[in-house]
Number of protein chains: 2
Amino acid sequence: MSTHTHAAWREHALHQLESAGYRRGEARSAVVEVLSRQDCALTAQEIGDALRRRRRAVGLASVYRALDVLSDLKLVQRLEMGQGVARYEPLDPSGDHHHHLVCQLCGNVVPFDDADLESTIERLSDRLEFDVDEHDVVLRGACSACRER
Amino acid sequence: MSTHTHAAWREHALHQLESAGYRRGEARSAVVEVLSRQDCALTAQEIGDALRRRRRAVGLASVYRALDVLSDLKLVQRLEMGQGVARYEPLDPSGDHHHHLVCQLCGNVVPFDDADLESTIERLSDRLEFDVDEHDVVLRGACSACRER
DNA sequence: ATGACTGCAAAGCCTTTGCACGCAA
DNA sequence: TTGCGTGCAAAGGCTTTGCAGTCAT
(Lines give C-alpha, C1' and ligand atoms only; values in the text may rest on other atoms or scores of the structure.)
Protein backbone atom coordinates (compact mmCIF):
# COMPACT_ATOMS: atom_id res chain seq x y z
CA MET A 1 0.00 0.00 0.00
CA SER A 2 0.89 3.61 -0.36
CA THR A 3 2.70 5.41 2.40
CA HIS A 4 0.52 8.44 1.70
CA THR A 5 -2.96 8.97 3.02
CA HIS A 6 -5.57 10.65 0.93
CA ALA A 7 -5.27 13.85 2.92
CA ALA A 8 -1.52 13.79 2.42
CA TRP A 9 -1.93 13.58 -1.31
CA ARG A 10 -4.27 16.55 -1.25
CA GLU A 11 -1.79 18.65 0.71
CA HIS A 12 1.01 17.55 -1.52
CA ALA A 13 -0.95 18.44 -4.63
CA LEU A 14 -2.05 21.84 -3.37
CA HIS A 15 1.49 22.61 -2.34
CA GLN A 16 2.91 21.57 -5.68
CA LEU A 17 0.36 23.69 -7.48
CA GLU A 18 1.35 26.69 -5.39
CA SER A 19 5.06 26.08 -5.97
CA ALA A 20 4.41 25.92 -9.67
CA GLY A 21 2.89 29.38 -9.47
CA TYR A 22 -0.78 28.49 -9.71
CA ARG A 23 -3.35 30.39 -7.71
CA ARG A 24 -5.65 28.59 -5.32
CA GLY A 25 -8.81 28.74 -7.42
CA GLU A 26 -12.12 27.26 -6.36
CA ALA A 27 -12.62 24.86 -9.23
CA ARG A 28 -9.13 23.43 -9.24
CA SER A 29 -9.09 22.97 -5.47
CA ALA A 30 -12.45 21.22 -5.64
CA VAL A 31 -11.15 18.79 -8.26
CA VAL A 32 -8.12 18.04 -6.07
CA GLU A 33 -10.49 17.47 -3.17
CA VAL A 34 -12.58 14.92 -5.06
CA LEU A 35 -9.55 13.11 -6.42
CA SER A 36 -8.05 12.87 -2.95
CA ARG A 37 -11.07 10.96 -1.67
CA GLN A 38 -10.83 8.32 -4.32
CA ASP A 39 -7.78 6.29 -5.14
CA CYS A 40 -8.92 4.66 -8.31
CA ALA A 41 -9.53 6.15 -11.71
CA LEU A 42 -12.40 8.57 -12.32
CA THR A 43 -13.64 10.11 -15.56
CA ALA A 44 -14.04 13.86 -15.94
CA GLN A 45 -17.81 13.31 -15.96
CA GLU A 46 -17.68 11.38 -12.71
CA ILE A 47 -15.63 14.12 -11.10
CA GLY A 48 -18.15 16.70 -12.28
CA ASP A 49 -21.02 14.62 -10.92
CA ALA A 50 -19.31 14.15 -7.57
CA LEU A 51 -18.80 17.90 -7.28
CA ARG A 52 -22.42 18.59 -8.13
CA ARG A 53 -23.57 16.13 -5.47
CA ARG A 54 -21.37 17.87 -2.94
CA ARG A 55 -22.86 21.23 -3.92
CA ARG A 56 -19.62 22.50 -5.37
CA ALA A 57 -20.62 22.35 -9.00
CA VAL A 58 -17.78 23.13 -11.37
CA GLY A 59 -17.96 23.58 -15.14
CA LEU A 60 -16.74 20.53 -17.03
CA ALA A 61 -14.26 22.70 -18.91
CA SER A 62 -12.67 23.65 -15.61
CA VAL A 63 -12.51 20.02 -14.58
CA TYR A 64 -10.62 19.24 -17.76
CA ARG A 65 -8.35 22.24 -17.29
CA ALA A 66 -7.57 21.22 -13.74
CA LEU A 67 -6.83 17.66 -14.82
CA ASP A 68 -4.49 18.96 -17.51
CA VAL A 69 -2.47 20.95 -15.04
CA LEU A 70 -2.39 18.10 -12.55
CA SER A 71 -1.20 15.71 -15.26
CA ASP A 72 1.55 18.08 -16.31
CA LEU A 73 2.77 18.26 -12.74
CA LYS A 74 2.61 14.46 -12.53
CA LEU A 75 0.14 14.72 -9.68
CA VAL A 76 -2.43 12.60 -11.48
CA GLN A 77 -2.12 9.93 -14.09
CA ARG A 78 -4.29 9.95 -17.14
CA LEU A 79 -5.43 6.52 -18.28
CA GLU A 80 -7.37 5.24 -21.25
CA MET A 81 -8.98 1.93 -20.64
CA GLY A 82 -11.25 1.61 -23.62
CA GLN A 83 -14.65 3.02 -24.52
CA GLY A 84 -12.87 6.18 -25.59
CA VAL A 85 -13.10 7.81 -22.19
CA ALA A 86 -10.10 9.06 -20.24
CA ARG A 87 -9.79 8.32 -16.56
CA TYR A 88 -7.66 10.10 -14.01
CA GLU A 89 -6.26 9.05 -10.68
CA PRO A 90 -3.96 10.52 -8.03
CA LEU A 91 -0.32 9.62 -8.50
CA ASP A 92 1.50 8.66 -5.33
CA PRO A 93 4.70 10.70 -5.07
CA SER A 94 6.50 7.63 -3.69
CA GLY A 95 6.13 5.98 -7.08
CA ASP A 96 3.72 3.40 -5.73
CA HIS A 97 0.99 2.56 -8.16
CA HIS A 98 -1.51 -0.03 -9.23
CA HIS A 99 -3.06 -1.32 -12.41
CA HIS A 100 -6.62 -2.10 -13.47
CA LEU A 101 -9.05 -4.87 -14.12
CA VAL A 102 -11.90 -3.86 -16.38
CA CYS A 103 -15.05 -5.96 -16.37
CA GLN A 104 -16.25 -6.33 -19.95
CA LEU A 105 -19.78 -7.03 -18.76
CA CYS A 106 -20.56 -4.33 -16.23
CA GLY A 107 -17.80 -1.89 -17.09
CA ASN A 108 -16.51 -1.72 -13.54
CA VAL A 109 -12.88 -0.85 -12.96
CA VAL A 110 -11.03 -2.51 -10.11
CA PRO A 111 -7.47 -1.70 -9.05
CA PHE A 112 -4.84 -4.33 -8.24
CA ASP A 113 -1.14 -4.37 -7.64
CA ASP A 114 1.50 -7.00 -7.95
CA ALA A 115 5.17 -6.74 -7.05
CA ASP A 116 6.08 -9.52 -9.45
CA LEU A 117 4.55 -7.66 -12.34
CA GLU A 118 6.37 -4.47 -11.42
CA SER A 119 9.75 -6.12 -11.28
CA THR A 120 9.16 -8.00 -14.51
CA ILE A 121 8.33 -4.74 -16.26
CA GLU A 122 11.34 -3.07 -14.74
CA ARG A 123 13.70 -5.77 -15.96
CA LEU A 124 12.06 -5.73 -19.34
CA SER A 125 12.40 -1.95 -19.59
CA ASP A 126 16.14 -2.18 -19.03
CA ARG A 127 16.42 -4.63 -21.84
CA LEU A 128 14.70 -2.43 -24.42
CA GLU A 129 16.16 0.25 -26.67
CA PHE A 130 13.74 2.71 -25.31
CA ASP A 131 13.72 5.05 -22.31
CA VAL A 132 10.66 3.82 -20.50
CA ASP A 133 9.26 6.18 -17.92
CA GLU A 134 5.69 5.00 -17.51
CA HIS A 135 3.75 1.84 -18.04
CA ASP A 136 0.26 0.64 -17.65
CA VAL A 137 -1.36 -2.71 -17.66
CA VAL A 138 -5.03 -3.41 -18.23
CA LEU A 139 -6.59 -6.82 -17.65
CA ARG A 140 -10.02 -7.39 -19.13
CA GLY A 141 -12.52 -10.06 -18.33
CA ALA A 142 -15.43 -10.78 -16.03
CA CYS A 143 -15.51 -9.60 -12.42
CA SER A 144 -16.62 -12.07 -9.78
CA ALA A 145 -20.11 -10.57 -9.55
CA CYS A 146 -20.72 -10.80 -13.31
CA ARG A 147 -19.20 -14.24 -13.65
CA GLU A 148 -21.87 -15.69 -11.40
CA ARG A 149 -24.71 -14.51 -13.55
CA MET B 1 7.15 -15.01 -33.68
CA SER B 2 3.77 -15.95 -34.99
CA THR B 3 3.27 -19.21 -36.79
CA HIS B 4 0.93 -17.42 -39.18
CA THR B 5 2.00 -15.41 -42.17
CA HIS B 6 0.16 -12.30 -43.15
CA ALA B 7 -1.52 -14.08 -46.04
CA ALA B 8 -2.65 -16.81 -43.70
CA TRP B 9 -4.30 -14.32 -41.42
CA ARG B 10 -6.13 -12.81 -44.36
CA GLU B 11 -7.44 -16.20 -45.47
CA HIS B 12 -8.39 -17.07 -41.93
CA ALA B 13 -10.23 -13.80 -41.49
CA LEU B 14 -12.11 -14.05 -44.76
CA HIS B 15 -13.08 -17.59 -43.97
CA GLN B 16 -14.31 -16.71 -40.50
CA LEU B 17 -16.35 -13.87 -41.91
CA GLU B 18 -17.96 -16.22 -44.37
CA SER B 19 -18.68 -18.83 -41.69
CA ALA B 20 -20.28 -16.16 -39.59
CA GLY B 21 -22.66 -15.45 -42.46
CA TYR B 22 -21.18 -12.24 -43.78
CA ARG B 23 -21.08 -11.53 -47.48
CA ARG B 24 -17.83 -10.83 -49.24
CA GLY B 25 -18.26 -7.09 -49.64
CA GLU B 26 -15.68 -4.84 -51.28
CA ALA B 27 -15.08 -2.49 -48.37
CA ARG B 28 -14.75 -5.14 -45.70
CA SER B 29 -12.44 -7.26 -47.83
CA ALA B 30 -10.27 -4.25 -48.52
CA VAL B 31 -9.94 -3.50 -44.82
CA VAL B 32 -8.92 -7.11 -44.18
CA GLU B 33 -6.38 -6.79 -46.96
CA VAL B 34 -4.75 -3.71 -45.45
CA LEU B 35 -4.70 -5.16 -41.97
CA SER B 36 -3.08 -8.33 -43.23
CA ARG B 37 -0.12 -6.37 -44.60
CA GLN B 38 0.63 -4.72 -41.31
CA ASP B 39 1.15 -6.47 -38.04
CA CYS B 40 1.14 -3.55 -35.73
CA ALA B 41 -1.71 -1.30 -34.71
CA LEU B 42 -3.32 1.10 -37.19
CA THR B 43 -5.96 3.77 -36.66
CA ALA B 44 -9.14 3.86 -38.73
CA GLN B 45 -7.77 6.97 -40.43
CA GLU B 46 -4.54 5.23 -41.34
CA ILE B 47 -6.46 2.32 -42.80
CA GLY B 48 -8.59 4.72 -44.83
CA ASP B 49 -5.48 6.51 -46.08
CA ALA B 50 -3.78 3.26 -47.03
CA LEU B 51 -6.83 2.23 -49.03
CA ARG B 52 -6.96 5.55 -50.81
CA ARG B 53 -3.28 5.26 -51.75
CA ARG B 54 -3.95 1.83 -53.15
CA ARG B 55 -6.85 3.19 -55.20
CA ARG B 56 -9.42 1.24 -53.26
CA ALA B 57 -10.93 4.15 -51.39
CA VAL B 58 -13.49 3.13 -48.79
CA GLY B 59 -15.74 5.38 -46.75
CA LEU B 60 -14.52 5.84 -43.20
CA ALA B 61 -17.88 4.66 -41.89
CA SER B 62 -17.35 1.36 -43.66
CA VAL B 63 -13.86 1.08 -42.21
CA TYR B 64 -15.32 1.47 -38.74
CA ARG B 65 -18.10 -0.99 -39.49
CA ALA B 66 -15.62 -3.55 -40.77
CA LEU B 67 -13.43 -3.09 -37.69
CA ASP B 68 -16.45 -3.60 -35.46
CA VAL B 69 -17.31 -6.88 -37.07
CA LEU B 70 -13.70 -8.04 -37.01
CA SER B 71 -13.42 -7.17 -33.34
CA ASP B 72 -16.58 -9.07 -32.52
CA LEU B 73 -15.18 -12.13 -34.24
CA LYS B 74 -11.91 -11.66 -32.35
CA LEU B 75 -10.06 -11.31 -35.63
CA VAL B 76 -8.61 -7.98 -34.66
CA GLN B 77 -7.83 -6.39 -31.34
CA ARG B 78 -8.92 -2.89 -30.56
CA LEU B 79 -6.41 -0.89 -28.55
CA GLU B 80 -6.44 2.56 -26.98
CA MET B 81 -3.01 3.94 -26.38
CA GLY B 82 -3.75 7.51 -25.51
CA GLN B 83 -4.64 10.63 -27.47
CA GLY B 84 -8.19 9.33 -27.66
CA VAL B 85 -7.65 7.40 -30.87
CA ALA B 86 -8.37 3.70 -31.19
CA ARG B 87 -5.93 1.43 -32.98
CA TYR B 88 -6.59 -1.97 -34.45
CA GLU B 89 -4.36 -4.90 -35.24
CA PRO B 90 -4.75 -8.44 -36.51
CA LEU B 91 -5.12 -11.01 -33.77
CA ASP B 92 -3.14 -14.17 -34.30
CA PRO B 93 -5.43 -17.18 -33.88
CA SER B 94 -2.61 -19.04 -32.13
CA GLY B 95 -2.89 -16.58 -29.25
CA ASP B 96 0.51 -15.10 -30.00
CA HIS B 97 0.61 -11.40 -29.43
CA HIS B 98 2.78 -8.43 -28.61
CA HIS B 99 2.53 -5.21 -26.67
CA HIS B 100 3.46 -1.61 -27.41
CA LEU B 101 5.96 1.09 -26.72
CA VAL B 102 4.62 4.58 -27.34
CA CYS B 103 7.09 7.41 -27.81
CA GLN B 104 5.81 10.43 -25.94
CA LEU B 105 7.84 12.73 -28.16
CA CYS B 106 7.14 11.62 -31.71
CA GLY B 107 4.04 9.53 -31.07
CA ASN B 108 5.46 6.47 -32.77
CA VAL B 109 4.18 3.08 -31.73
CA VAL B 110 6.59 0.16 -31.65
CA PRO B 111 5.65 -3.45 -30.91
CA PHE B 112 7.61 -5.72 -28.60
CA ASP B 113 7.08 -9.07 -27.00
CA ASP B 114 8.46 -10.72 -23.94
CA ALA B 115 7.86 -14.25 -22.74
CA ASP B 116 8.66 -13.32 -19.16
CA LEU B 117 5.99 -10.68 -19.16
CA GLU B 118 3.43 -13.08 -20.58
CA SER B 119 4.08 -15.74 -17.97
CA THR B 120 4.05 -13.20 -15.15
CA ILE B 121 0.67 -11.94 -16.29
CA GLU B 122 -0.64 -15.45 -16.64
CA ARG B 123 0.39 -16.38 -13.10
CA LEU B 124 -1.02 -13.14 -11.82
CA SER B 125 -4.34 -13.76 -13.58
CA ASP B 126 -4.73 -17.10 -11.87
CA ARG B 127 -4.26 -15.44 -8.53
CA LEU B 128 -7.01 -12.87 -9.03
CA GLU B 129 -10.72 -13.16 -8.33
CA PHE B 130 -11.48 -12.23 -11.85
CA ASP B 131 -11.81 -14.18 -15.09
CA VAL B 132 -9.13 -12.54 -17.15
CA ASP B 133 -9.38 -13.12 -20.86
CA GLU B 134 -7.36 -10.29 -22.35
CA HIS B 135 -4.59 -8.02 -21.25
CA ASP B 136 -2.59 -5.22 -22.66
CA VAL B 137 0.54 -3.48 -21.63
CA VAL B 138 1.66 -0.06 -22.80
CA LEU B 139 5.12 1.31 -22.09
CA ARG B 140 5.62 5.02 -22.60
CA GLY B 141 8.83 6.94 -22.94
CA ALA B 142 11.31 8.11 -25.52
CA CYS B 143 12.25 6.00 -28.53
CA SER B 144 15.92 5.74 -29.42
CA ALA B 145 15.64 8.27 -32.25
CA CYS B 146 14.01 10.90 -30.05
CA ARG B 147 16.27 10.28 -27.10
CA GLU B 148 19.27 11.37 -29.13
CA ARG B 149 17.86 14.76 -29.90
C1' DA C 1 -35.46 -10.57 -56.05
C1' DT C 2 -33.93 -9.84 -51.41
C1' DG C 3 -31.58 -8.12 -47.97
C1' DA C 4 -26.64 -7.35 -46.79
C1' DC C 5 -23.14 -3.77 -47.80
C1' DT C 6 -21.69 0.75 -48.75
C1' DG C 7 -21.02 5.89 -48.93
C1' DC C 8 -22.50 10.23 -47.62
C1' DA C 9 -24.11 13.33 -44.45
C1' DA C 10 -25.83 14.10 -40.04
C1' DA C 11 -25.72 13.18 -35.31
C1' DG C 12 -23.27 11.85 -30.93
C1' DC C 13 -19.67 11.66 -27.59
C1' DC C 14 -15.69 13.40 -25.16
C1' DT C 15 -12.54 17.08 -24.98
C1' DT C 16 -10.61 21.61 -26.08
C1' DT C 17 -10.89 26.50 -27.09
C1' DG C 18 -12.67 31.46 -27.24
C1' DC C 19 -14.36 34.95 -24.65
C1' DA C 20 -16.05 37.90 -21.07
C1' DC C 21 -16.42 38.19 -16.25
C1' DG C 22 -14.85 37.47 -11.45
C1' DC C 23 -11.61 36.71 -8.07
C1' DA C 24 -6.92 35.70 -5.84
C1' DA C 25 -2.81 37.94 -4.80
C1' DT D 1 -4.95 46.64 -10.07
C1' DT D 2 -3.34 42.73 -12.76
C1' DG D 3 -3.90 38.80 -15.07
C1' DC D 4 -5.02 34.02 -13.62
C1' DG D 5 -9.14 31.19 -13.02
C1' DT D 6 -13.79 30.10 -14.24
C1' DG D 7 -18.24 29.14 -16.71
C1' DC D 8 -20.71 29.08 -20.82
C1' DA D 9 -21.16 28.26 -25.44
C1' DA D 10 -19.02 27.07 -29.59
C1' DA D 11 -15.76 24.45 -32.05
C1' DG D 12 -13.01 20.09 -32.83
C1' DG D 13 -11.87 15.27 -33.52
C1' DC D 14 -13.10 10.55 -33.48
C1' DT D 15 -16.83 7.35 -33.99
C1' DT D 16 -21.58 5.92 -34.80
C1' DT D 17 -26.06 6.12 -37.06
C1' DG D 18 -29.77 7.04 -40.63
C1' DC D 19 -30.85 6.56 -45.15
C1' DA D 20 -31.08 5.53 -49.89
C1' DG D 21 -28.75 3.38 -53.57
C1' DT D 22 -25.92 -0.82 -54.96
C1' DC D 23 -24.34 -5.28 -55.12
C1' DA D 24 -23.63 -10.17 -53.57
C1' DT D 25 -26.06 -14.35 -53.44
Side-chain angles (χ1 to χ4, degrees), chain A residues 13-34 41-52 54-73 75-88 107 109, chain B residues 13-34 41-52 54-73 75-88 107 109:
Chain A
L14 293 174
H15 182 263
Q16 291 292 107
L17 284 168
E18 186 177 340
S19 308
Y22 291 100
R23 292 182 184 173
R24 210 182 187 90
E26 263 300 301
R28 196 150 50 211
S29 302
V31 169
V32 168
E33 174 70 26
V34 165
L42 294 175
T43 66
Q45 273 294 346
E46 289 168 348
I47 293 170
D49 292 346
L51 289 167
R52 213 167 303 117
R54 310 181 78 219
R55 307 285 153 83
R56 293 183 66 180
V58 162
L60 250 195
S62 299
V63 172
Y64 280 109
R65 280 188 283 236
L67 291 169
D68 261 14
V69 170
L70 292 166
S71 298
D72 286 351
L73 297 179
L75 292 166
V76 313
Q77 172 158 27
R78 181 187 174 160
L79 299 163
E80 316 226 2
M81 298 189 282
Q83 303 85 47
V85 198
R87 290 178 171 273
Y88 302 82
V109 175
Chain B
L14 292 173
H15 182 264
Q16 290 292 107
L17 283 168
E18 187 176 343
S19 308
Y22 291 100
R23 291 182 183 173
R24 211 182 187 90
E26 263 301 300
R28 194 151 50 214
S29 302
V31 169
V32 168
E33 173 72 24
V34 165
L42 294 175
T43 65
Q45 273 294 348
E46 288 167 348
I47 293 171
D49 292 346
L51 289 166
R52 214 166 303 117
R54 311 182 78 221
R55 308 285 153 83
R56 294 183 66 180
V58 163
L60 250 196
S62 299
V63 173
Y64 280 109
R65 279 188 283 237
L67 291 170
D68 262 13
V69 169
L70 293 167
S71 297
D72 286 350
L73 297 179
L75 292 165
V76 313
Q77 172 158 27
R78 183 188 171 154
L79 299 163
E80 316 226 3
M81 298 189 281
Q83 303 85 48
V85 198
R87 291 179 170 272
Y88 302 81
V109 174

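Order of the sequence lines fixes the chain letters, A, B, ..., with proteins taken first and strands second; residue numbering starts at 1 for each chain.
Distance CD (A/Glu46) to P (C/dT15): 11 Å, rounded to an integer number of Å. We find that CZ of A/Arg52 is positioned 11 Å from P of D/dG7, with the value rounded to whole Å. Atom pair A/Glu18:CD and D/dG5:C1' shows a separation of 16 Å (rounding to whole Å applied). Taking atom CD1 of residue B/Ile47 and atom P of nucleotide C/dG7, one finds them 14 Å apart after rounding to whole Å.
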Distances under 3.5 Å between protein N/O atoms and the N/O atoms of nucleotides 21-25 of chain C, please, pair by pair.
residue: C/dA24; atom: N3; partner: A/Arg23; partner atom: NH1; Å: 3.1

Atom pairs under 3.5 Å: protein N/O with N/O of nucleotides 12-18 of chain D:
residue: D/dT15; atom: OP1; partner: B/Ala86; partner atom: N; Å: 2.9
residue: D/dT15; atom: OP2; partner: B/Tyr64; partner atom: OH; Å: 2.2
residue: D/dT15; atom: O5'; partner: B/Tyr64; partner atom: OH; Å: 3.1
residue: D/dG18; atom: O6; partner: B/Arg65; partner atom: NH1; Å: 3.3

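Residues A/Gln16 and A/Leu73 come closest through the heavy atom pair O-CD1, 4.3 Å. Across all non-hydrogen atoms, the minimal contact from A/Glu46 to A/Ala41 is OE1-O, 4.2 Å.
Within the nucleic acid shown, B/Ala57 comes within 4.0 Å of sugar-phosphate atoms alone, with no base atom in reach, counting heavy atoms only.
When side chains are defined from C-beta on, B/Glu26 counts as touching B/Arg56, because their heavy atoms get closer than 4.5 Å. Using a 4.5 Å cut-off on side-chain heavy atoms (C-beta onward), A/Leu60 and A/Tyr64 make contact.
Taking CG of A/Asp72 as the start and CZ of A/Arg78 as the end, the distance is 11.0 Å to the nearest 0.5 Å.
Residues satisfying the side chain to side chain donor-acceptor pair (under 3.5 Å) test with A/Gln77, not counting sequence neighbours, are none.
Considering A/Leu67, A/Val63, A/Leu42 as possible partners of A/Tyr88, the one that fulfils the side chain to side chain contact (heavy atoms under 4.5 Å, CB included) test is A/Leu67.
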> Given B/Gln45 and B/Asp49, is the side chain to side chain contact (heavy atoms under 4.5 Å, CB included) satisfied, shown in steps?
Replying inline: CA-CA 6 Å; B/Gln45 273 294 348; B/Asp49 292 346; 4.0 Å; yes
